[in-house]
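Let me begin by presenting the structure, written as structure tokens, before commenting on it.
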Amino acid sequence: MTQPAVKKTLLSISGKLDFRDLVNALKQSGRLTQEQADYAVMHPRTRETLTKHPLTQIANMNLDDQSRKGKPLNGNALAEWLSEQVGMEYLHIDPLKIDAAVVTQVMSFEFAQRQGVLPVAVTEDEVVIATAEPFVTGWEDTVEQVTRKTIKKVVANAEDIRRYCVEFFTLAKSVRGATNKGGGTIGVSNFEQLLEIGNISSPDANDEGIINIVDWVLQYAFDQRASDIHIEPRREEVFIRFRIDGVLHQVHQLPFQVGVAVTSRLKILGRLNVAEKRKPQDGRLKTKTPEGSEVELRLSTLPTAFGEKMVMRIFDPDVLLRPFDELGFGEDDLRRWRSMTEKPNGIIFVTGPTGSGKTTTLYTTLKTLATPEVNVCTIEDPIEMIESSFNQMQVQHNIDLGFADGVKALLRQDPDIIMIGEIRDLDTAQMAIQAALTGHLVLSTLHTNDAPTAITRLLDLGVPAYLIKSTVLGVMAQRLVRTLCPHCKTPSTMDQDVWKQLTAPWKAPMPSTVYEPNGCLECRNTGYQGRAGVYEIFTLSDSLAGVIKEDTDLIKFRSQAIKEGMHSLRLSGAKKVAAGITTPEEVLRVTPDNQQK
């Protein structure tokens, strides 16, 4: 391979990169001041530090990047700078886009670690290998001879290469070890074979390899900010997918028998019945993130045509219990919501599909309301997150303790505020109404597309209109939109037709500038980072209550709510678009299309 061209004024290094030469080159290229360069050279470095790559040593000093004011000269920035100096492509290693099973077959772990390289992609004719030492070439001939493919070198963060080299090869070794112990790959060809899965020769759930795979999946999910982990069996393999900011990403594929053992291992940790594979089961487990904070996961299994599918929902206390401004509430939204929750009695509903943030909103609200002067009780199915500020009870269907019976029991506990996880039937609705009529504040959820539909849903359940008028304080519908990454969002222009689609029937001024996703290292090249709520809130005034009848016209009710100040989900989203928080496409993706009616 030909050595890449080097900018002579900046780098004249042969062999391994030298710390002092790199500091001097960074100063010459304007990334460091003379004072910073002197500090770096004179900085006392421990023996442990000296064993690290020189770029990692510089990154660990947390020096300000003179070409990016206010941002540190971190490992990724240094690797990108190095790639420019040596004329090579820079690659940010994104484990979501790398097939660990394939790249780890290119070379052994010992060879990769010794040479400080990591294969990141393999095609029919080429192997892409990441390195932080662009001038070290002694290993190239060996890899070309073994793989019989041409080598393409790319520059990457030295610390990422070190970290993912360990992770990828450890994972691949664990999978291979578990597969070999199980005696080869097996599949399930039809639903009836589910009955026989327990007899299949497969790796034990307590094998070291399976334990390593489970640990890797959990820690990797926390690192990627995943909210859900999906383990999905197919005919000959098991897919692992993460939901990140509301979107699913495929992470890894495991041989079928290894995937079965991973599911069994997780069932053991969640105290589920490992032998029962024909019935859905629910459980929970607690573990810790790489930073040491405690996280709870809710497990759910489901028998499918090819085996047991498992979904783990991750509940991070820092995410569930956030202040209202971090949830996405605007001033008007928060004023309306607080005007309802500060009432002494009545019912408040939060509506939206699964995963729209209802639980987070309710927990944040209860946390605010749970003062020492009041008794706050909840009944949930299941308890999403244990919170010491209020009393929580879980539905137990196996002993006939449902929502209705649970509310009846709670009313004997002298509560001030009651949260009912969900109103699904007339019995629960009647108990909630009885609680509101007897002087309690009740919060609950309904699965409806928008706020006005909650009223017709209650009527459909069989709740009389006069009881709705006398007990319901208001309804809030919500959705979660992905928020733009503040580090890489780029200005764009707003399409007039799209703006009308977001704001109809209102006539809101169109913003001159909006923003669109671009993708950078901070957001893992998605263009988005985190999520925020969009809300549709109405309070049940006397005039709005007058519209409610046994055969309420939903369109007429929505029209009256809009006249009294209710803003649609899409209009709430449009405000966030105008503020540069999200994109029109994201708002249209998550909000229902009936907002214009």
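Judged purely by distance below 3.5 Å, without hydrogens or angles, the side chains of Thr445 and Lys358 never pair a donor atom with an acceptor atom. With no hydrogens or angles considered, a side-chain donor-acceptor pair links Glu564 and Gln560 at under 3.5 Å.
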Step-by-step salt bridge (charged side-chain N to carboxylate O under 4.0 Å, His left out) determination, Glu586 to Arg482: CA-CA 7 Å; Glu586 186 65 14; Arg482 290 183 293 171; 3.2 Å; yes
Worked verdict on Lys489 versus Glu516 for salt bridge (charged side-chain N to carboxylate O under 4.0 Å, His left out): CA-CA 6 Å; Lys489 64 181 183 181; Glu516 62 184 9; over 6 Å; no
CA sep, side-chain torsions, deciding dist, call: Thr361, Gln478, side-chain hydrogen bond (donor to acceptor under 3.5 Å, both in side chains): CA-CA 9 Å; Thr361 299; Gln478 69 176 77; 2.7 Å; yes
Steps toward salt bridge (charged side-chain N to carboxylate O under 4.0 Å, His left out) verdict (Asp332, Arg335): CA-CA 5 Å; Asp332 186 57; Arg335 178 183 57 78; 2.4 Å; yes
Check against ring-ring contact (aromatic ring centres under 6.0 Å, His included), Phe222 and Phe242: CA-CA 10 Å; Phe222 302 147; Phe242 292 167; 9.4 Å; no
Verdict with reasoning, Arg570 to Thr591, per side-chain hydrogen bond (donor to acceptor under 3.5 Å, both in side chains): CA-CA 6 Å; Arg570 287 195 170 176; Thr591 55; 2.9 Å; yes
side-chain hydrogen bond (donor to acceptor under 3.5 Å, both in side chains) between Ser572 and Glu536, intermediate numbers included: CA-CA 7 Å; Ser572 176; Glu536 175 182 80; over 6 Å; no
Evaluation steps, side-chain hydrogen bond (donor to acceptor under 3.5 Å, both in side chains), between Thr438 and His440: CA-CA 6 Å; Thr438 52; His440 305 89; 3.2 Å; yes
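Checked for salt-bridge contact, Asp450 and Arg558 meet the test: a charged N lies under 4.0 Å from a carboxylate O. A salt bridge does not link Asp282 with Arg298: every distance from a Lys NZ or Arg NE/NH1/NH2 to an Asp or Glu carboxylate oxygen is 4.0 Å or more. In this structure, Glu308 pairs ionically with Lys267, as a charged nitrogen and a carboxylate oxygen lie closer than 4.0 Å. Under 4.0 Å is where a charged nitrogen must lie from a carboxylate oxygen, and between Asp333 and Lys575 no such pair does.
Other residues, nucleotides and ligands place no more than 12 heavy atoms under 6.0 Å from the CG atom of Asp542. Atom CZ of Arg271 has 12 or fewer neighbouring heavy atoms from other residues, nucleotides or ligands inside a 6.0 Å radius. Annotation for Glu550: atom CD counts as buried by contact number, over 12 foreign heavy atoms lying within 6.0 Å.
Using a 4.5 Å heavy-atom cutoff, the side chains of Ser492 and Thr513 are not in contact. Taking 4.5 Å as the limit, some side-chain heavy atom of Leu554 sits within range of a side-chain heavy atom of Pro452. In this structure the side chain of Val587 reaches within 4.5 angstrom of the side chain of Val577, judged on heavy atoms. By the 4.5 Å heavy-atom criterion applied to side chains, Met419 and Glu380 are counted as neighbours. Here the side chains of Leu441 and Asn345 are not in contact, with every heavy-atom distance at 4.5 Å or above. With a 4.5 Å cut-off on side-chain heavy atoms, Tyr528 and Thr483 do not count as touching. Put simply, the side chain of Lys309 reaches to within 4.5 Å of the side chain of Val311, judged on heavy atoms. No side-chain heavy atom of Ile347 sits under 4.5 Å from any side-chain heavy atom of Leu473.
The side-chain contact (heavy atoms from CB on, under 4.5 Å) with Leu299 is formed by just one residue from the set Arg284, Gln281, Met312; it is Met312.
At least one donor-acceptor pair under 3.5 Å links the side chain of Lys576 to the backbone N or O of Gly533. Between the side chain of Trp499 and the backbone N or O of Ala574 there is no donor-acceptor pair closer than 3.5 Å. With Arg243 contributing its side chain and Gly246 its backbone, the two residues share a donor-acceptor pair below 3.5 Å.
With sequence neighbours excluded, the residues that form a side chain to side chain donor-acceptor pair (under 3.5 Å) with Glu373 are Thr371.
Nearest heavy-atom pair across Ala454 and Thr351 is CB-CG2, 4.0 Å.
Aromatic ring pairs are classed by plane angle as parallel below 30°, tilted from 30° to 60° and perpendicular above 60°; the pair Phe329 and Trp337 is tilted.
A distance of 9.5 Å separates CD1 of Ile379 from CD of Gln396, quoted to the nearest 0.5 Å.
Ring centers of Phe256 and Phe306: at least 6.0 Å apart, outside the cut-off.
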